[in-house]
Amino acid sequence: MPGGVDSPVRAFRAVGGHPPFVDHAAGAYLYDVDGNRYLDFFGSWGPMILGHAFPPAVEAIHQAAARGASFGASHAGEGDLAELVMRCFPSVERLRFTSSGTEACMSAVRLARGFTGRNFVIKFEGCYHGHSDAMLVKAGSGVATLGIPGSAGIPVETAQHTLALPYNDLGAVQAAFDAYQDANGVSQIACVIVEPVVGNAGTIAPAPGYLQGLRRLTAEHGALLILDEVMTGFRLSLGGAQQLYGITPDLTTLGKILGGGLPCGAFGGRADVMESLAPLGPVYQAGTLSGNPLAMAAGAATLRHLIEHQGAVYSGLEDTTAAIANGVAALAREAGVAMTTNRIGSMFTWFFTDQPVTDFASAATSDTQRFGRFHHAMMEAEVWLPPSQFEAAFVSTAHGPAEVERTLEAAKAALRA
Ligand code: KE4
């Protein structure tokens, strides 16, 4: 297995050292094969908002497994989870399940291109929408210049239809819409896809009015606005960032929490757009395990709990995460370590920089070597942070006062060191 991993970030290349091998997990903790117990701050990169091995989800998976793991045919579980999603996301009039966030974003972009008949898409530096070719594109030289491949194996021709712009810069988006129009002044841009709160450059909040600006510009030019809520959906609130910031996108992508830890993604939104999908319309999209009964069951058990206990869940996550993020920020000040803390709800990042972090360029001013040393010291204290400066940390409902105390103790020593 190349690098010993099924996903690169797990190899600890960004922080050094050897990653533990997990034996099992429960609540807020990961237990490795050597008998160590780590406090978990990445929660499988977002899904485990209710903690690991959440009993109702485990029970739901057991029951579904006994009824057959996969049918490749329609079943009630798909409709059950779809209804729960639509209760949380009023903008989602129709939806389709996939097996990953990558597939959800890839499908949504293809759908936007098919629906509008346009080829160009806009994404933002520091935002990650999975590893499909059109999304692994870096910014070109100028603001409105064509994208360049962000990975080997992506033809330049593919990259050239993706514009990668700076986040939190509406002028750059206006310039791109001005630059990409046909002779009749009709826009050539199919969609703008954005993490409404960025998690993949580390945590970065949208500037006031930014998302509203994207909504206005896309509507003006007939381009679709796709909010990638794979990470923020059900995390920042039941209705994700679009509920928090009051934005109605044309399409939304979901994943992570949606499957309660099982492979699951989804994309959905305007009925007229979604009904362009095969078998109703000309945009092809498919998946052997899409709507898998076990993922539907785990997701439904998770969403039902979040819906039924939403007051306690989100206020508890807010309080616990604020205590942890702000507590460590105070310890950094005491230790004279430059740190910028960005937090929205239960996702946060400690950037080792003295600058405000509002986009990828400012995030990149962080001292990644220092972050690596901090990460290593926290691992020594059995506190497992996401192994990269440019990732968001996540707190679950299984994190409580004991976990706050343990984290602050470990961070105090680590920051001194
Ligand atoms: P997946 O294909 O990994 O399920 O989802 C892709 C994706 C799409 N959109 C957003 C906003 C995402 O954060 C992700 C996946 N996030 C990364 C963590 N930065 C997954 C971790 C990994 O790649 O191993």
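Counting starts at 1 for both ligands and their atoms, in listed order.
Among residue pairs with one or both ends in residues 293-309, none qualify as side-chain hydrogen bond (donor to acceptor under 3.5 Å, both in side chains); sequence neighbours excluded. Sorted by first and then second residue, the side-chain hydrogen bond (donor to acceptor under 3.5 Å, both in side chains) pairs involving residues 276-289 (not counting sequence neighbours) are Arg96-Gln285, Ser107-Gln285.
Between the side chains of Glu195 and Tyr167, not a single donor N or O lies within less than 3.5 Å of an accepting N or O.
Remark: His52 pairs with no residue by the ring pair (Phe, Tyr, Trp, His ring centres under 6.0 Å) rule, at least two apart or across chains.
The side chain to side chain contact (heavy atoms under 4.5 Å, CB included) with Ile204 is formed by just one residue from the set Val198, Val197, Ile344; it is Val198.
Within 4.0 Å of ligand 1, protein heavy atoms come from Ser7, Val9, Trp45, Ser100, Gly101, Thr102, Tyr128, His129, Gly130, Glu195, Asn200, Asp228, Val230, Met231, Lys256, Glu391.
Taking the six-membered ring for Trp, Phe42 and Trp384 have ring centres closer than 6.0 Å.
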